[in-house]
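Before any comments, here is the structure.
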Amino acid sequence: MPGDPKAAPYETSSSRERMTRRGFLGQLAELGALTAATSMIGCGSQFPGLQPLLRKSTITELEPLKAAAARQNVLFGAATQQQILQSDSNFAALFAQQCAVLVPENELKWETVEPEPGIFNFEAGDALADFAAGNQAKFRGHCLVWHQQIPSWAGNGADAQKQLTDHISQTVGHYAGRVHSWDVVNEAINPSDGRADRLRDTVWLRSLGPSYIDLAFRTAAEADPDAILVYNETGLEYETGDSQARRAAVLELLGRLRTEEVPVHALGIQAHLVGSENRFRADKLQEFVRAVADLGLQVFITELDVIDKHLPGDIGVRDSMVANAYQRFLDAVLREPAVTTIITWGLSDRYTWLATFMPRSDHEPVRPLPLDSDLQPKSALYAMLESFRAAAPR
Ligand code: XIL
């Protein structure tokens with residue numbers, strides 16, 4: 001299988017050799033072929049020879065993810081929720097130990113921050129900002145302009161432009177000086193909507209035209225000249241037609257914004273990876289990252305997790321495949337010095353949006369994150385540590 005180029009199209013032979021030299025990673029490299037095999041022969045297949053790759057350490061015995069990343073000048077953190085930190089002190093302690101940046105999973109979305117026109121609510125966001133500051137972590141804003149989790153009035157009516165600029169000025173102004181970066185516009189591209197510019201058909205586009213994107217960034221820059229302003233996008237990671245079209249559209253959009261001197265500083269690659277997807281090519285992803293870097297932008301990985309919906313039920317096999325997805329992705333992006341920040345969307349399987357959004361048909365709990373639901377390390381965490389340690393200098 002490893003000799004068949006179709007079996008593991010995402011690995012170059014040199015990356016495979018490099019991983020084989022690295023013990024545990026050698027096993028994961030072999031799993032690259034198994035990932036491909038599984039997706040070809042379907043779910044539920046058993047691999048009798050495959051042992052769980054978990055090393056038996058507790059999380060406190062290991063180097064924290066943020067420390068391993070920081071040694072290579074990479075910022076590591078995760079998204080979480082105020083209610084989780086408030087109600088689960090063990091998780092909160094783990095979060096503080098592992099993360100150098102905190103992202104509110106929902107608390108800064110429009111529907112929470114401004115549920116009625118001009119009525120702002122920063123309570124939950126402030127609690128998260130305080131938690132971050134109290135634990136020497138940076139605080140990252142997500143997200144100002146999106147087509148989801150917005151009130152029904154937002155983007156509609158003659159004052160749509162004022163709604164947009166007021167919302168951004170108030171929200172960014174409130175956190176000015178306390179924020180590392182903002183996702184200013186989220187998911188503005190969707191090639192399957194059929195437009196020539198491949199922009200997503202949203203209420204903002206319909207009301208304001210494509211320049212709503214420019215306006216959002218310009219307004220955010222005015223409200224906080226020090227924040228890193230990010231364009232955040234989903235579905236960029238694979239060699240599917242949709243992913244390829246998205247990458248082309250992102251480059252076109254970012255190129256236009258740079259030409260028109262719109263203040264955009266980084267691309268956010270969400271990276272909700274699909275554990276059963278083998279149409280991954282490290283070289284193509286790196287080529288894309290370099291093209292973004294050539295525009296003068298940083299690249300953040302903003303929402304990393306691995307969807308295990310279509311992976312085998314066996315936990316050892318499943319965890320190994322999830323770890324392999326982390327590994328091959330992080331090894332690729334961390335070869336590019338433009339990638340400066342890695343954020344997972346959650347930290348432990350105890351709390352993950354995928355339990356609701358991508359449940360398994362066998363009703364087994366999903367396992368998409370580096371720590372399990374007992375807050376202990378999984379193969380994915382070891383894979384992340386190895387990838388961080390092997391990252392190119394930056
Ligand atoms: C998700 C949250 O994790 C869920 O709690 C919420 O119910 C829906 O949104 N892309 C994004 C994030 O940019 O804001 C989404 O977060 C996940 C997909």
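None of the values given here were measured: they were computed from a predicted structure. As the structure lists them, so they are numbered: ligands from 1, and atoms in each ligand from 1.
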**Fill in**
residues 102-113 vs salt bridge (Lys or Arg N to Asp or Glu O under 4.0 Å), sequence neighbours excluded, gives none
**Message:** Could you check whether Tyr175 and Phe122 have their ring centres less than 6.0 Å apart?
**Reply:** yes
**Prompt:** Tracing side-chain links under 4.5 Å among I, L, V, M, F, W and Y, which residues wind up in one group with Ile315?
**Reply:** none
**Request:** Among all protein heavy atoms, pick the one closest to atom 15 (C) of ligand 1 and tell me residue, atom and distance.
**Result:** Lys109 NZ, 3.8 Å
**Request:** Pick one of side chain, backbone, both or neither for how Gln148 approaches ligand 1, counting any non-hydrogen atom pair under 4.0 Å.
**Result:** neither
**Request:** Could you check atom 8 (C) of ligand 1 against the protein and tell me its nearest heavy-atom contact, residue, atom and distance included?
**Result:** Gln149 OE1, 3.3 Å
**Prompt:** Which class fits the ring pair Phe217 and Tyr231: parallel under 30°, tilted 30 to 60°, perpendicular over 60°?
**Reply:** tilted
**Message:** Is it the case that the side chains of Asn186 and Asp183 hold a donor-acceptor pair, with the cut-off being a distance below 3.5 Å and no angle test?
**Reply:** no
**Prompt:** With backbone taken as N, CA, C and O and side chain as the heavy atoms from C-beta onward, which portion of Asn186 lies under 4.0 Å from ligand 1: side chain, backbone, both, or neither?
**Reply:** side chain
**Request:** For the residue pair Ile301 and Ile343, establish whether any side-chain heavy-atom pair is separated by less than 4.5 Å.
**Result:** no
**Prompt:** Counting each atom of ligand 1 from 1 as listed, which ones have a heavy atom of Glu105 under 4.0 Å away?
**Reply:** 2 (C), 3 (O), 4 (C), 5 (O)
**Prompt:** With a cut-off of 4.0 Å, which atoms of ligand 1 are near a heavy atom of His142?
**Reply:** 11 (C), 12 (C), 13 (O), 14 (O)
**Message:** Between ligand 1 and Trp146, is the shortest N or O to N or O distance under 3.5 Å?
**Reply:** no
**Request:** For atom 10 (N) of ligand 1, find the nearest protein heavy atom and state the residue, atom name and distance (0.1 Å precision).
**Result:** Glu303 OE1, 2.9 Å
**Prompt:** Is the His147-Trp204 ring centre distance short of 6.0 angstrom?
**Reply:** no
**Fill in**
shortest atom 5 (O) of ligand 1-to-protein heavy-atom contact is with Asn106 ND2, 2.9 Å
